[in-house]
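Heads up, the thing below is written out as structure tokens.
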Amino acid sequence: MNNSMSYRKITQDGLWNNNIALVQLLGLCPLLAVTSTAINGLGLGLATLLTLVISNVVVSLIRNQVRPEIRIPVFILVIASAVTAIELAMSAFFYDLFKVLGIFIPLIVTNCAILGRAEAFASKNGVKLSLIDALSMGFGFLVILVVLGGAREILGQGTLFDQAHLMFGEFGGWMTLTIIDDYRGFLLAILPPGAFIGLGLMIAIKNYMDSRKKCKGIKVPIELRQTSASSSAT
């Protein structure tokens with residue numbers, strides 16, 4: 001196997017071709033519930049990314065020592081341990097953001113995408129490939145959370161990266177941008193229906209871009225082009 005090509009394919013799959021949110025449609029419950037602002041999306045996205053990295057690496061390391069009959073309970077135990085550690089760390093260092101995200105941090109344990117990557121990829125591949133897969137899938141999910149959260153925040157309240165101090169402390173004060181002055185807000189964008197509409201638009205844009213790319217990749221045979229040119233000349 002050509003490792004460079006393999007790494008490239010894993011990265012492309014995680015970021016775009018097999019994106020967790022846009023293609024696999026996994027982890028939609030926290031994605032739709034939390035992305036009312038870009039900072040909320042960034043916080044949950046980083047927690048999910050870190051969980052994916054830890055679980056994929058650990059599962060890859062122990063894959064030859066775990067019997068097939070008990071692999072799923074063991075994988076869930078690994079994921080739950082990682083999420084618990086991350087939850088305690090967020091409670092200690094980002095308590096205000098931890099309160100905002102609430103129940104959705106421990107619910108990362110039930111995210112089908114994490115168990116799916118452990119079962120479908122990490123249990124069958126080495127540590128390096130599993131780490132790249134986790135980073136690609138996690139970063140792809142993180143980008144969707146931040147983009148959707150940013151779009152909903154701009155439409156909903158006319159700001160971007162509001163309450164950045166929840167994650168970055170006093171340093172995050174300058175990050176809050178007022179995109180539209182004296183904006184009264186668009187309530188639908190912040191409510192759950194706005195999340196559904198926003199995600200649907202993002203999926204539609206991705207499918208449109210993929211179809212355009214596929215059409216450009218189709219080469220018209222030379223004979224057919226010559227025939228078309230002759231017909232137009234007559």
Connected-component partners of Leu187 among ILVMFWY, side-chain separation under 4.5 Å: Leu191
Sub-3.5 Å donor-acceptor pair from the side chain of [X] to the main-chain atoms of [Y], do we have one?
| X | Y | result |
| --- | --- | --- |
| Arg71 | Pro68 | yes |
| Asn125 | Phe121 | yes |
| Tyr183 | Gly156 | no |
| Gln163 | Ile39 | no |

Can you pull the side chain to side chain donor-acceptor pair (under 3.5 Å) pairs that have at least one residue in [range], sequence neighbours excluded?
| range | answer |
| --- | --- |
| residues 78-92 | none |
| residues 149-159 | Thr35-Arg152, Glu153-Thr159, Gln157-Thr159, Gln157-Asp162 |
| residues 185-197 | none |
| residues 41-55 | none |

Among all residues two or more places apart in sequence or in another chain, which pass the side-chain hydrogen bond (donor to acceptor under 3.5 Å, both in side chains) test with Asp133? Asn56, Arg117
Asp210: side-chain hydrogen bond (donor to acceptor under 3.5 Å, both in side chains) partners, not counting sequence neighbours: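 For Asp210 the side-chain hydrogen bond (donor to acceptor under 3.5 Å, both in side chains) partners, ignoring immediate neighbours, are Trp16, Lys206.
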The criterion is side chain to side chain contact (heavy atoms under 4.5 Å, CB included); which residues satisfy it with [X], sequence neighbours excluded?
| X | value |
| --- | --- |
| Val127 | Val57, Ser60, Leu61 |
| Ala151 | none |
| Ile72 | Phe75, Ile76, Glu119 |

Pairs touching residues 33-42 that satisfy salt bridge (charged side-chain N to carboxylate O under 4.0 Å, His left out), sequence neighbours left out: none
Check salt bridge (Lys or Arg N to Asp or Glu O under 4.0 Å) between Arg184 and all other residues, then give those that pass, not counting sequence neighbours.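 Listed in chain order: nothing, the list is empty.
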